[in-house]
J.: 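Structure provided below as structure tokens; questions to follow.
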Amino acid sequence: MQENGTEVTAAGIARLAGVGRAAVSNWRRRHADFPKPVGGTETSPSFALAEVEDWLRTQGKLAEVPLRERVWQQVAGHPQGPVTALIHVGCALLLVHDRPTVWLELSAGSDARLAELLPTPLDQVLTPRFGVIRKRAVDTPTAAQLQASASLLRAAAELAAELDARKAYEFLLGRHLDANPRQYTLTPTGLAALMADLVGPAATVLDPACGTGALLRATAAAQGASAGEEQHLHGQDSAPELAALTALRLALNTRAVVRTTAADTLREDAYGSLRADAVVCHPPFNERNWGHDELAYDPRWEYGFPARTESELAWVQHALARLKEGGIAVLLMPPAAASRRSGRRIRADLLRRGALRAVIALPPGAAPPYNLPLHLWVLRKPAVTAQPAQPEVLLADTGVFTADSRGGLDWQAVRAAVLDAWRPFDRTGTVPEQPGLSRCVPVIELLDDDVDLAPARHLPPPAAAGGEQLARVRDRLGETLRLTGRLTPPPADPRPPARWPLTTIGELARAGALQLRTGGNGGHARVPVLTDHDVLSGTAPSGTLPESDEEPVLTETGDVVVPVLGGGSIARVVDDATAGAALGRNLVLLRPDPAALDPWFLAGFLRGTANNRQASSYASTATRLDVRRLQLPRLPLEQQRTYGERFRALAEFEETLRLAGRLGEQLVRGMYDGLTDGTVEPG
């Protein structure tokens, strides 16, 4: 067994070998020499990683496994847990990054020697980057703690040589976050970039609820290269592991001075004397136990003592208290914070004194919880000797850019709309009105009994569709309905079911008749992403994926894409318009060899209801399709093409029906709006 006792689950073995979990179960039953479990439970056993690797290598099943996958399995199966493993790896990669020759000298001997000698050089790197030991979030690991990590650190350094230290750590941390989605509240990359853009250049930045460091990383990426002075990044989080992971992530991504602390920010503020240029924050929402009883006389409540139900307004005032005069804060807020009656007095005082400068409603799906249109509050710290407050506040609503409740957002469009309104408003205090999108509202207009700051309630509605536009929609609908009639399939003659010899997608993949790929990686190039909802609804690629060091799977003309969740029998053939899009999550791509398989024949038979039923498995809340189990008849290529032409005609009919439905909805909505706002006569 491996010296560090790293264990791996059946799912991890499947990833190592590039197979499904069912294959691992078969190996355990059929091969007497398959490694025995060393831990876990009877239903979810774990195995010694070294023994598994030896067995897979002997069977010829390990040769193509990337180094990054093997390193990740060591992190996931670390005896002290993946978080400890990531902290040790981050410390070592920082040494590799800052002092590569020291690492080479230390790693020349045995694992025992490496663990014994490593703490001193690690401390020499960590102390200047993170400060003295009693104040920083990352403690130098001891030799005893490093004993279980020595082989992992060697593998991580090897991965850093392949990718570089920053990309290696981002890959491993990203894998951990993806594997534990319920444990962490993440700030999406597009939202973090927008908040950094609103902040603008800032030498000193604080995130008092730093989480995994996405906001501080975005501010450093947006302005670190252009800032003339040294940047200082400060973070605090109540979870010690997040404070440590954030510190290491920032140290590997930027040359800024990094300070992170583990403590409850509202109860134990670690930066009481700090006056930052900017504060960015994605605070926890709807917390009742935020310190209401203990903090009644805290000097931070300059704009009023928040009610127990108004934890978000406590975070707003904490952010303002940590800013220097003129400093800017951008906070992600739940929409209820803009209108709850319990917070109206604090909102009123923020407006009267000019601290609250903008409220921006985001589209649903911008960040968890994804069903709500969250808000961004932009605040500036008023000067002590300030003149009367600015007379207007900017209200904006970007809900028009909602792609779909399950699709990705067009962050480029959201960013352009927000910054085009905010930047001139920030310079001049006003900006021209854009119906349905943004408006400068006089503060006096908002200071009523409710002090309701929800942007949608104060913006003029977008211009309704005129009679000419509705006439064009009606004409197009008529043409589409006539086309639907022409494409309607002819009557089918009844005949008994065919008895073809069958094969499966898994067998075809093993024989080389098609390639099978799964999606979910964003890469570095920003390309459209084909989501599972796009496939189900027949729409253009609309999604986004977080940036990743793994290359995305790009679609090609003739590929067949299949959603694996939801229980629907759907398969889509990629056309020239969709080719080049990245494959999104919960999708499987089949790339047929044109000399062996017709793509339309393949897609058509995959849509059979009985075929999907026999290849599906059922959990308590979802249905999952095992694409490898889907069946196809063994037919000559010419006969496949005959079926393929019929399936292609059905797909065209289906798409025309969808278009007719969308045009009908557009016409009905336009008529309702026109009749209710007077632009359409009822007669």
J.: With sequence neighbours excluded, tell me which residues meet side-chain contact (heavy atoms from CB on, under 4.5 Å) with H176.
T.: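 Counting only residues at least two positions away or on another chain, H176 forms a side-chain contact (heavy atoms from CB on, under 4.5 Å) with W72, P82, V83, L86, N180, Y184.
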J.: Considering only residues two or more places apart or on different chains, which pairs with a residue in residues 231-240 satisfy salt bridge (Lys or Arg N to Asp or Glu O under 4.0 Å)?
T.: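 Not a single pair qualifies under salt bridge (Lys or Arg N to Asp or Glu O under 4.0 Å).
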J.: Please state whether the rings of H232 and H234 are parallel, tilted or perpendicular, taking 30° and 60° as the class boundaries.
T.: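 Rings of H232 and H234: parallel, as their planes differ by under 30°.
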J.: Report the residues that fulfil side chain to side chain donor-acceptor pair (under 3.5 Å) with Q80, sequence neighbours left out, ordered by chain and then residue number.
T.: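 For Q80, no residue satisfies side chain to side chain donor-acceptor pair (under 3.5 Å) once neighbours in sequence are set aside.
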J.: By the salt bridge (Lys or Arg N to Asp or Glu O under 4.0 Å) test, which pairs, at least two apart or in different chains, include something from residues 75-96?
T.: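 Not a single pair qualifies under salt bridge (Lys or Arg N to Asp or Glu O under 4.0 Å).
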J.: Just to verify, what does N371 make a side chain to side chain donor-acceptor pair (under 3.5 Å) with, not counting sequence neighbours?
T.: none
J.: Kindly write out the residues that satisfy side-chain contact (heavy atoms from CB on, under 4.5 Å) with A511, not counting sequence neighbours, or none if the list is empty.
T.: none
J.: Check whether R629 reaches the backbone of Q614 with its side chain - one donor and one acceptor, N or O, closer than 3.5 Å.
T.: yes
J.: With sequence neighbours excluded, tell me which residues meet salt bridge (charged side-chain N to carboxylate O under 4.0 Å, His left out) with R308.
T.: D293
J.: Just jot down the side-chain contact (heavy atoms from CB on, under 4.5 Å) partners of D559, sequence neighbours excluded, or say none.
T.: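 side-chain contact (heavy atoms from CB on, under 4.5 Å) list for D559, sorted by chain: T555, E556, V574, L589, R591.
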J.: Salt bridge check: are R175 and D178 linked by an N-O gap of less than 4.0 Å?
T.: no
J.: Could you tell me which residues satisfy side chain to side chain donor-acceptor pair (under 3.5 Å) with R28, sequence neighbours excluded, listed by chain and number?
T.: none
J.: Any side-chain heavy atom of V627 within less than 4.5 Å of one from L625?
T.: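 With C-beta onward as the side chain, the pair touches.
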J.: What is the ring orientation for W55 with H31, classed by angle as parallel under 30°, tilted 30 to 60°, or perpendicular over 60°?
T.: perpendicular
J.: Between atom CG of L118 and atom CG of L95, what is the distance when rounded to the nearest 0.5 Å?
T.: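 Those atoms lie 6.5 Å apart.
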J.: Are the side chain of R249 and the backbone N or O of T212 linked by a donor-acceptor pair below 3.5 Å?
T.: yes
J.: I'd like to know if the side chain of E312 and the backbone of N286 have a donor-acceptor N/O pair within less than 3.5 Å.
T.: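 Side chain of E312 to backbone of N286, a donor-acceptor pair under 3.5 Å: yes, one is there.
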J.: Main chain of L242, side chain of T246: is a donor-acceptor contact present, judged purely on distance under 3.5 Å?
T.: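 Flag set: sc T246 to bb L242 pair under 3.5 Å.
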J.: Under a 3.5 Å cutoff, is there a donor and acceptor pairing between the side chains of H78 and S149?
T.: yes
J.: Donor-acceptor pair, distance only, cut-off 3.5 Å: does the side chain of Y271 make one with the backbone of G235?
T.: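 Yes; at least one donor-acceptor contact below 3.5 Å.
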J.: Using the test side chain to side chain donor-acceptor pair (under 3.5 Å), find all partners of T142 that sit at least two apart in sequence or belong to another chain.
T.: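 Result, side chain to side chain donor-acceptor pair (under 3.5 Å) vs T142: Q145.
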J.: Within this structure, what is the CZ-CG distance for the pair F285 and L372, rounded to the nearest 0.5 Å?
T.: 9.0 Å
J.: Is it true that a side-chain atom of E507 and a backbone atom of T504 form a donor plus acceptor pair closer than 3.5 Å?
T.: yes
J.: Report the C-alpha separation of D534 and T531 in whole Å, then their side-chain angles, then the decisive distance to 0.1 Å, and conclude whether the side-chain hydrogen bond (donor to acceptor under 3.5 Å, both in side chains) test is met.
T.: CA-CA 5 Å; D534 298 331; T531 69; 3.0 Å; yes
J.: Calculate, to the nearest 0.5 Å, the distance between atoms CG and CG belonging to L117 and L122 respectively.
T.: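 Between atom CG of L117 and atom CG of L122 there are 11.0 Å.
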J.: Atom CZ of residue position R154 - does it have more than 12 heavy atoms of other residues, nucleotides or ligands inside 6.0 Å?
T.: yes
J.: What distance separates L114 CG from Q147 CD, expressed to the nearest 0.5 Å?
T.: 9.0 Å
J.: Give a yes or no on this: more than 12 heavy atoms of other residues, nucleotides or ligands lie within 6.0 Å of atom CD of E287.
T.: yes
J.: D98: which residues meet the salt bridge (charged side-chain N to carboxylate O under 4.0 Å, His left out) condition with it, sequence neighbours left out?
T.: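 For D98, the residues satisfying salt bridge (charged side-chain N to carboxylate O under 4.0 Å, His left out) (neighbours in sequence not counted) are R129, R255.
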J.: Tell me if a side-chain donor or acceptor on T127 pairs with a main-chain N or O of Q124 at a distance below 3.5 Å.
T.: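 Answer holds: no.
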J.: Please report the interatomic distance SG(C281) to CD(Q236), rounded to the nearest 0.5 Å.
T.: 10.5 Å
J.: Using a 4.5 Å cut-off on heavy atoms from C-beta on, say whether the side chain of L67 contacts that of E158.
T.: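 Yes, at least one pair of side-chain atoms sits under 4.5 Å.
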J.: Salt bridge between E105 and R99, side-chain N to carboxylate O under 4.0 Å?
T.: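 A salt bridge is absent here (no side-chain N lies under 4.0 Å from a carboxylate O).
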J.: Find out whether F130 and T260 are in side-chain contact, i.e. whether some heavy atom of one side chain is under 4.5 Å from a heavy atom of the other.
T.: no
J.: Without swapping roles, check the side chain of T261 against the backbone of A270 for a donor-acceptor pair under 3.5 Å.
T.: no
J.: With rounding to the nearest 0.5 angstrom, report the CG to CG distance, L362 to L332.
T.: 6.5 Å
J.: Just to verify, what does D164 make a salt bridge (charged side-chain N to carboxylate O under 4.0 Å, His left out) with, not counting sequence neighbours?
T.: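 By the salt bridge (charged side-chain N to carboxylate O under 4.0 Å, His left out) rule, D164 matches no residue at all.
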